[in-house]
There are 2 protein chains.
Amino acid sequence: MKKTTIHDIARELNVTFSTVARALNDHPAISVATKAAVLETAKRLNYQQNKLASSLRSGRTNVIGIIVPSLDTSFFSSVVHGIEKVMNENGYSVLLYQTGESLTREQKGIETFLQSRVDGVLSSVSSETDGHEMYAQLRKRQVPLLFFDRAIQELPVPSVTINDYQGGFSATEHLIGQGFRRIAHITSDQNLTIFNERLRGYREALLKHGLPFQEDLVFRGRVSLELGKTSVQQLLAQGHSFDAVFAAEDYTAMGALQQLLENGIRVPKEVGVVGFANEAFGAFVTPSLSTVDQQTVKMGEETARLFLKLFGSKDYYGTNPEHIVLDPILIPRNSSQPVS
Amino acid sequence: MKKTTIHDIARELNVTFSTVARALNDHPAISVATKAAVLETAKRLNYQQNKLASSLRSGRTNVIGIIVPSLDTSFFSSVVHGIEKVMNENGYSVLLYQTGESLTREQKGIETFLQSRVDGVLSSVSSETDGHEMYAQLRKRQVPLLFFDRAIQELPVPSVTINDYQGGFSATEHLIGQGFRRIAHITSDQNLTIFNERLRGYREALLKHGLPFQEDLVFRGRVSLELGKTSVQQLLAQGHSFDAVFAAEDYTAMGALQQLLENGIRVPKEVGVVGFANEAFGAFVTPSLSTVDQQTVKMGEETARLFLKLFGSKDYYGTNPEHIVLDPILIPRNSSQPVS
DNA sequence: ATGAAAGCGCTAACAC
DNA sequence: GTGTTAGCGCTTTCAT
C-alpha cells in the first residue's frame, strides 16, 4: 500500500496541495467546505501526516529525549512514567535512552538526540564531575536542556531535584527524636550530589542535637543489599557502639536490617533503621521499614511541566535557570519507632 | 550557532555535497584522502547529521516505537529496559508510549508512530478483545509489529510471551507437592490471556493430581493488595475450608498473606501462599513469598532480538509469525514450604 | 572517484 | 480563499 500524501488528496479534489496542507493544519484562511472535503478524503485515503517532512521543514519535531541511567530501577522508571505522561498530554513524543551509568553512552545518547533534532533533552546525569562538554554542545545549539534528580551543579541549567539534604536531615532527626543517639550512616561511594547531600543532612541533624559526627560511623560502597549487610557486620565486628542505622538507599537499609536480625539484634528495640527511596518492599517487611519518599512521579511531572513552561518563553538560555526542589517525605514505620 | 550541513563542509573543501555525503556514509567509491578531509572538517565544524532529512529521503528512521500500559510497574519498566538496551546496541532509537490501559490512547500511540514513520512497533496491548483494526493498519502499511507479554491471539503477529499456563501449573503443583489440598486462586477480572492461562494451569494441576476444581475457591477483581485481603476475608467469612492461596499476582498474594497473618493464621504451617511476578519485596517479607519469575529483562531482550531478526528478512508479514514462549521460573520460598 | 540533478513530503512566504 | 514557489538536508541514480 503506497503511502498517501497531501498531493494524493489534492489530486482527488482538484485543488493544490497547499490548500490541502492548510486544511489539514486548520489554517484560518480556508473555506469550511474545502476543509471538510479535505478531511473526508484524508480519512478515506487513510492519510497519515509525515512528521519527518513536516519537522524537517518547520524545524520542530515535538519530540523530547530522556536520558536516564537505567529503567531497571523503580526510581527512574517511575520518573520517566511521570514525564512521558505529561509530555504526551501536551503533544510530545518521548525518545528514551539508558546510559547504564556510562559516560560514553551518555555522550552517544546526546549525539543521537542532536541528530534526531529533538526539541529538548531531559537528563539525569551519570556523572556530575564529567560530561560538561557534551551538555555545553546542547546549549551551543540552543537545544533546551533540563536536569532531573541528578544535575551538574556547575552548569546553569534548569533542574528538578529533591531536597536530599532535608531528606537526610529529617530521617536522622526522626531517629534522634525516637531516642537513638549513636546513628551510623551507610552511603554511596559514587560521589553524587544526592548522596553527599543526604550525608550532609545526617551530619547537620546530629550537630543540631548536640551529637558528635564520627567518620567511623559512616560506611561507603556501591549501595545494595550487600553493602547494608557488610556494613553492619563491620559495625559489629569492630565493636562500634551504635544504636541506629540511616542508610541512604532502601536496599542498603534492608541489608542492614536483615543482618541485624540475623545477629539476634532486635529492631527497632535495640537498633533503629531508616532507609531512603520508599521502595515497595519497605511497607511489607517485618518490621516495616521507615524511609524517605522521593515523590518520583511528581518529579517526572514537574520536570515535564517546567520544560513546557520554559520552552514557551522566548529565550531558553537567556534567563536565570529555574530550579525546582521537591520536598522529600519522611515515612516513619516500625523499624525506627521502638515506642509507638 | 547556525547548524552545519554537508553543503558547509563541501564549500570548505571545494567538493560537491554529494562527495561529502559519500564520505560520511563511507561509500566504497571514495578516495582515502577526501574521506579523511571530510571527516576532519565535519568534526571541526561540529557537524551532526540531520536524521530527519536522511530518514525522509531513505525511508528508514532507525526508530522503533514501544507501547506499554504503564512504566510505573516493575514488570513493564524492566521489559522496556531490556528492549531499549538491545535496540540501542543495534543502532536503533526507542520512542515510548504509555497507554494507561486505555484503548483510545493506544490508538493515538499507534497513529503517532505511523506519522513518525517508525521502523517497527513493539506492543503490549491494553485489550486483547479490541483494537484489532489499528494493528491491522500497521500491517497494511507494512510496518513490522511484534507483541510482547500481551498479544492479540487472533492476529498473525510474531510475539514474545511467557508460558503463563505453565507458571500457574507449576505454582499449583508445587503447593500440592507441599501437601496442600484445598487451594484457592485469586485472579484478575480483566479477561486477559495471561490471567486466563494462569487459571488454566491452576485448574489442570489440580485435576492432574485428582483434586477437584471448585469455582467457589476462585476470586476475581482488580489485582492488588486490597483484592488479596478481601478475598481471604471472604474465604474466611464464608467458612470455606482452604489450606493454600495461589494468587496470580504478587501484590495480591501479599494482601492475602497479610490478611492471613492478621487473622492469626500461620503461614505456611496452616496455609500456604504463592504469588506471581517475583516483585522485589517477595524476598524480604516474612515469611518470604514464593512466586513465579517472569524473566522480564530477558523478555525485553528477546523481543528486541526477534524484531531485529525478522526485520532483516525480506518479507516481514509474508511468513508464518514466529512465537517465542519463555519459561517462567518457580521461586519457592518460605510462604509455601511448611516442611523444609 | 566525483559531479549533477531529482526528489522524499511537507511548511510558509508571497502572489492573486 | 487558493495557487505558486522555494526550500528544509539529505540519499540515490545516472553521468562523466
Side-chain angles (χ1 to χ4, degrees), chain A residues 1-39 41-42 45-63 91 112 114-119 141-142, chain B residues 1-39 41-42 45-63 111-112 114-119 141-142:
Chain A
M1 178 170 156
K2 192 73 195 63
K3 263 149 204 155
T4 310
T5 73
I6 50 176
H7 293 92
D8 300 321
I9 301 178
R11 198 178 316 118
E12 195 91 354
L13 294 171
N14 281 315
V15 292
T16 55
F17 69 94
S18 53
T19 301
V20 175
R22 273 190 279 259
L24 256 20
N25 299 314
D26 46 36
H27 190 95
I30 192 85
S31 84
V32 187
T34 37
K35 185 169 163 183
V38 167
L39 257 37
T41 318
L45 298 185
N46 251 307
Y47 172 76
Q48 291 286 6
Q49 184 196 48
N50 186 330
K51 291 204 174 192
L52 297 170
S54 112
S55 297
L56 175 60
R57 187 54 237 255
S58 70
R60 282 195 73 200
T61 52
N62 267 43
V63 172
T112 308
L114 239 25
Q115 300 180 341
S116 303
R117 300 297 191 258
V118 295
D119 286 349
R141 291 161 189 274
Q142 298 280 70
Chain B
M1 177 169 158
K2 192 71 195 63
K3 260 146 207 157
T4 310
T5 72
I6 49 175
H7 293 92
D8 301 320
I9 301 177
R11 198 176 316 116
E12 195 92 351
L13 293 172
N14 281 316
V15 292
T16 54
F17 67 93
S18 50
T19 301
V20 175
R22 272 190 280 260
L24 256 20
N25 300 314
D26 46 36
H27 189 97
I30 192 85
S31 83
V32 188
T34 36
K35 184 168 164 182
V38 167
L39 257 36
T41 318
L45 298 185
N46 250 308
Y47 172 75
Q48 291 287 5
Q49 183 195 49
N50 186 330
K51 289 205 174 191
L52 297 171
S54 107
S55 296
L56 176 60
R57 185 58 236 254
S58 70
R60 281 195 75 200
T61 53
N62 267 42
V63 172
E111 201 154 299
T112 309
L114 239 26
Q115 300 179 344
S116 303
R117 301 297 192 258
V118 296
D119 286 347
R141 290 160 189 275
Q142 299 280 69

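Throughout, a chain's letter reflects where its sequence line sits, starting with A, and its residues are numbered from 1.
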If each of B:Ser58 and B:Val15 is mapped to the nucleotide of DNA chain C with the nearest heavy atom, which maps nearer the 5' terminus, i.e. the 5' end?
B:Val15
Nearest to the side chain of B:Phe17, which nucleotide is it out of D:dT11, C:dC10, C:dA1?
D:dT11
Minimum heavy-atom distance B:Ser55-A:Leu52, with the two atoms named
CB-CD1, 3.8 Å
Taking only side-chain N and O atoms of A:Ser54, does any of them lie within less than 4.0 angstrom of OP1 or OP2 on C:dC10?
no
Is any side-chain N or O of B:Thr16 closer than 4.0 Å to OP1 or OP2 of C:dG3?
yes
Can you find a donor-acceptor N/O pair under 3.5 angstrom joining the side chain of A:Ser18 to the base of D:dT4?
yes
Tell me what B:Thr34 touches on the nucleic acid: a base, only sugar-phosphate, or nothing, going by heavy atoms under 4.0 Å.
sugar-phosphate
Taking CZ from B:Arg22 and P from D:dT13, how many angstroms apart are they, rounded to a whole number?
11 Å
Just N and O in the side chain of B:Gln48: are any of them under 4.0 Å from OP1 or OP2 of D:dG9?
no
Please report, rounded to the nearest Å, how far the C1' atom of D:dT12 is from the NE2 atom of B:His27.
9 Å
Any B:Lys51 side-chain heavy atom under 4.5 Å of B:Val63 side chain:
no
Write down the distance between CG (A:Leu52) and P (C:dT11), rounded to a whole number of angstrom.
12 Å
Does the side chain to side chain contact (heavy atoms under 4.5 Å, CB included) test come out yes or no for B:Asn50 and A:Leu56, once each step is laid out?
CA-CA 9 Å; B:Asn50 186 330; A:Leu56 175 60; 3.8 Å; yes
Using the side-chain heavy atoms of B:Thr5, tell me which of these nucleotides is nearest: D:dT11, D:dG7, D:dG9.
D:dG9
Separation of D:dG1 C1' from A:Lys35 NZ (nearest whole Å)
14 Å
Just call it for A:Leu56: base, sugar-phosphate, or nothing, with non-hydrogen atoms closer than 4.0 Å on any strand.
base
Main chain of A:His27, side chain of A:Asn25: is a donor-acceptor contact present, judged purely on distance under 3.5 Å?
no
Between C:dA12 (P) and A:Ile30 (CD1): distance, integer Å
15 Å
Answer with yes or no whether the side chains of A:Gln48 and B:Gln115 bring together a donor and an acceptor at under 3.5 Å.
yes
Between D:dC10 atom P and B:Tyr47 atom OH, what is the distance in whole Å?
3 Å
Within this structure, what is the CG-to-P distance between B:Asn50 and D:dC8, rounded to whole angstrom?
11 Å
Please tell me if B:Ser31 has a side-chain N or O lying less than 4.0 Å from either OP1 or OP2 of C:dT2.
yes
In whole Å, I'd like the distance from the CG atom of B:Leu13 to the P atom of C:dA1.
18 Å
Verify the contact: side-chain N or O of B:Asn25 to OP1 or OP2 of D:dT11, cut-off strictly under 4.0 Å; return yes or no.
yes
Let's see if you can work this out: which of C:dG9, D:dG3, C:dT11 has an atom nearest to the side-chain heavy atoms of A:Thr19?
D:dG3
